[in-house]
Each structure stands twice: as C-alpha cells, then as structure tokens.
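Presented below is the structure to which this report refers.
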Amino acid sequence: MCCPALAAILTIKIKGRGLSELRLKWGGWRSTVHSYLIPVVYISAAYCLAWTFGFAGVPNSETIAEWGSELGLSGMGVTASVVVMVGLLATIQFIKSLGTIVGEELGWRGFLVWELRKVMPFSAICLTSGVIWSLWHLPIVVTYGGGNPWLQMTNFTIMIVSMSVIMTYYTFKSNSVWPAVMFHAAHNIYVQKIFTPLSTRNDNTSFWIDEYGILVPAMVAMIAVVYWRRANTEEL
C-alpha cells in the first residue's frame, strides 16, 4: 500500500520538485470530519438494507463471542461486547490503519489528482483516477473476492470511482490529502472490521454486501452524484 506514495515521491524528486506538492498540511476540521462521517452513512445504510431484506443476518454470534473473549467481556452480554469493540475499532484501530492508508493516498490524492487537474476537468479526473485505483486493486479482487470476478470487479469499480468523486472534492476543497486519508480509513474500518464481521451469511449474501456486493457501491454512488454536482457548481 506504500507503493503509490513511493512512486509519487520518486517522480517529484526526479522532476526536481518539492514534497510540499503532496499537500500534507492539515486541511481544516470541517472537511476532515465530513470525510470520516460520509463512509459511516453509506455503509450503515447499505448494511441496514441487507439486514432488513434478509440478504444477510445480524448479529454474527461467532464474531460476538470472539470480540467478547478478546475484550474479557464474555459474561457481559452482546451489547457490551459490540459497543466496546466498535468503539475501539472506530478510534484506536482507525488510527493504527492511517500509516498504510497514507501510503496509498499520497499517491492518489496527494499527487495523481493534482497532476490530472492540469489537463482535465473535475469529472474526468475522478473517472481516470478512480479507474486507475480500481485496476490497482484487481489482483486482490480476483484472488480474494470468492465469487464471480466480473460482477465483483464491476461493483468494486463503481464503488471506487464513486468514492473518488467525494474524496477528490474534499481534496481540492481543503487543498490537503488528509480528508481523503480519513475517508479511505473510515471506509475500510466500517466495511472490513465492523459491518461485515457482524453479518451472518447465506447463499446470496456475497451478491449484496461487502466491497464486492451491490449495496455499498449503490449507496456511495448516490452520494457521489451530489458531490459531482456540487463540484461543477463550485467550478472545482
């Protein structure tokens, strides 16, 4: 995950430019807080739909038991284990994940989107950077997706391009890479560490949830349309 950052830094050094171009300065609290909360909104919506319509179940008793054992709260009940573990994952684990996330985001939103901005409008920047980001993940999708690779790659690409719209908006708005880092880290934590482990599975679950199912891409795509229109209105 540090390869995009390494590529960006090497390119800047070879071109004789300064590392300040990676926009590592703090971008302000408003953009950063919004970038953390937006993934919470669309992921929560996606999984609540999955649970409501029976595409997945909740809670996963094996996950609850594992969390309770790890926390020493096995005798305290389901609610205590879930509340404490989700709180720790959303804060401590979130902070721990920032190192590797920065490795990606220095390349994508710290460098790539700004270079594309020199020759492309906002929509083309989001599409181009999103497709490149998606293709970069292709080996992981094929190896670990566990289902129809074409369907999963389609869903994943829609999700990544949609995320790119929102992340690029806040990157340009704040002139900082940190909102994108917060967005990316929150997305990973809430999908991979919280909502998917809490869900039980049936024969159709993989079609609907996780990063390769339909619901998360659909939810984030709807939000991306709002930010795409906002970016055009604000002439980003």
| query | Once the angle between the rings of Y47 and F195 is folded into 0 to 90°, is it parallel (under 30°), tilted (30 to 60°) or perpendicular (over 60°)? | reply | tilted
| Any idea how F122 and Y169 line up, ring-wise: parallel (<30°), tilted (30 to 60°), or perpendicular (>60°)? | perpendicular
| field | Polar side-chain atom of S69 near backbone of A65 as donor-acceptor pair, under 3.5 Å | value | no
| task | Give a yes or no on whether a salt bridge exists between K173 and E234, defined as a side-chain N under 4.0 angstrom from a carboxylate O. | result | yes
Report, one line per pair, each donor and acceptor closer than 3.5 Å where one atom sits in a side chain of residues 224-231; sequence neighbours left out.
| unit_1 | atom_1 | unit_2 | atom_2 | d |
| --- | --- | --- | --- | --- |
| Y227 | OH | Y170 | OH | 2.7 |
| W228 | NE1 | S123 | OG | 2.5 |

| Do Y42 and M222 have side chains that get closer than 4.5 Å, going by heavy atoms? | no
| field | Heavy-atom side-chain proximity of E70 to M85 below 4.5 angstrom | value | yes
| Sequence neighbours excluded, which residues qualify as side chain to side chain contact (heavy atoms under 4.5 Å, CB included) partners of I92? | L88, K96
| task | Please check if the side chain of D210 supplies one atom and the backbone of G213 the other of a donor-acceptor pair under 3.5 Å. | result | no
| Out of curiosity, does W150 fall in the hydrophobic cluster containing Y212 (side-chain heavy atoms, cut-off under 4.5 Å, transitive links)? | no
| Is there a donor-acceptor contact under 3.5 Å from the side chain of N148 to the main chain of L151? | yes
| field | Within-4.5 Å side-chain heavy-atom neighbours: T63 and T200 | value | no
| Side-chain touch E105/M167, heavy atoms, less than 4.5 angstrom | yes
| R30, CZ atom: more than 12 neighbouring heavy atoms under 6.0 Å | no
| message | Checking V86 against W67 for the side-chain contact (heavy atoms from CB on, under 4.5 Å) test, could you report, in this order, the C-alpha distance in whole Å, the side-chain angles of both residues, the deciding distance, and whether it holds? | response | CA-CA 10 Å; V86 169; W67 285 0; 4.2 Å; yes
| Step by step, would you call E211 with H187 a side-chain hydrogen bond (donor to acceptor under 3.5 Å, both in side chains)? | CA-CA 10 Å; E211 296 180 306; H187 172 92; 2.8 Å; yes
| Are L6 and L112 grouped together when hydrophobic residues (ILVMFWY) are joined by side-chain heavy atoms under 4.5 angstrom apart? | no
| field | Partner residues of K118 under the salt bridge (charged side-chain N to carboxylate O under 4.0 Å, His left out) criterion, sequence neighbours left out | value | E115
| task | For N175 and R23, run side-chain contact (heavy atoms from CB on, under 4.5 Å): C-alpha distance rounded to whole Å, both residues' side-chain angles, the deciding distance at 0.1 Å, then the answer. | result | CA-CA 6 Å; N175 196 33; R23 272 79 178 183; 3.4 Å; yes
| request: Using atom types as modelled and distance alone, determine if a side-chain donor or acceptor of S97 lies under 3.5 Å from a backbone N or O of F94. | output: yes
| query | Given the rule in the side-chain contact (heavy atoms from CB on, under 4.5 Å) test, do V181 and V102 qualify, once you have shown the distances and angles that lead to the verdict? | reply | CA-CA 6 Å; V181 171; V102 169; 3.9 Å; yes
| field | N/O donor-acceptor pair under 3.5 Å between T171 side chain and R109 backbone | value | no
| query | If you measure from CE on M159 to OG1 on T154, what distance do you get to the nearest 0.5 Å? | reply | 12.5 Å
| said: Tell me whether S35 contacts the main-chain N or O of F183 through its side chain, where contact means a donor paired with an acceptor under 3.5 Å. | reply: no
| message | Quick one: does any side-chain atom of N155 pair with a main-chain N or O of L215 as donor and acceptor, under 3.5 Å? | response | no
| Single-linkage hydrophobic cluster M182~V33, side-chain heavy atoms < 4.5 angstrom | yes
| request: Measure across S174 and P179 and return the closest heavy-atom pair with its distance rounded to 0.1 Å. | output: OG-CG, 3.4 Å
| query | Going by heavy atoms in the side chains, are R17 and T11 under 4.5 Å from each other? | reply | no
| query | Taking C-beta and beyond as the side chain, do F111 and L106 meet within less than 4.5 Å on heavy atoms? | reply | no
| message | Could you report the tightest heavy-atom contact between L98 and A185, atom names first, then the distance? | response | CD2-CB, 3.8 Å
| task | Show your reasoning for whether side-chain contact (heavy atoms from CB on, under 4.5 Å) applies to W114 and F172. | result | CA-CA 8 Å; W114 294 96; F172 290 163; 3.6 Å; yes
| Distance from I9 atom CD1 to L22 atom CG, nearest 0.5 Å? | 6.0 Å
| field | Rounded distance [0.5 Å steps], CE in M153 versus CG in L138 | value | 4.5 Å
| request: List the atom of G54, the atom of N202, and the distance in Å for their closest heavy-atom pair. | output: O-ND2, 3.1 Å
| field | Expected output: side-chain T196 to main-chain V191 donor-acceptor under 3.5 Å | value | yes
| What are the two closest heavy atoms between V165 and C126, and how far apart are they? | CA-SG, 3.6 Å
| Got a second to check how far K25's NZ is from S176's OG, nearest 0.5 Å? | 8.0 Å
| said: Please tell me whether V131 and I160 are part of a single hydrophobic cluster in this structure, the criterion being side-chain heavy atoms less than 4.5 Å apart. | reply: no
| Would you call the rings of H184 and W133 parallel, tilted or perpendicular if under 30° counts as parallel and over 60° as perpendicular? | perpendicular
| request: State, to 0.1 Å, how close M120 and I125 come at their nearest heavy-atom pair, and which atoms those are. | output: O-CD1, 3.6 Å
| Would a 4.5 Å heavy-atom cut-off, applied to side chains only, mark F55 and T205 as touching? | no
| said: I'd like to know if I214 and V41 are part of one continuous hydrophobic network [Ile/Leu/Val/Met/Phe/Trp/Tyr, side-chain heavy atoms within less than 4.5 Å]. | reply: no
| Between the side chains of W51 and S199, does any donor sit under 3.5 Å from an acceptor? | yes
| Do the side chains of M219 and I43 get nearer than 4.5 Å, heavy atoms only? | no
| Which distance, rounded to the nearest 0.5 Å, do you find between the CD of Q152 and the OG1 of T157? | 11.5 Å
| task | Please name the pair of heavy atoms, one in V177 and one in G110, separated by the smallest distance, quoted to 0.1 Å. | result | CG2-N, 3.7 Å
| query | Between the side chain of S129 and the main-chain N/O of V113, is any donor-acceptor distance below 3.5 Å? | reply | no
| request: Would you confirm whether S134, through its side chain, and G130, through its main-chain N or O, come within 3.5 Å as a donor-acceptor pair? | output: no
| field | Approximate separation, where rounding is to 0.5 Å, of L127 CG and I132 CD1 | value | 9.5 Å
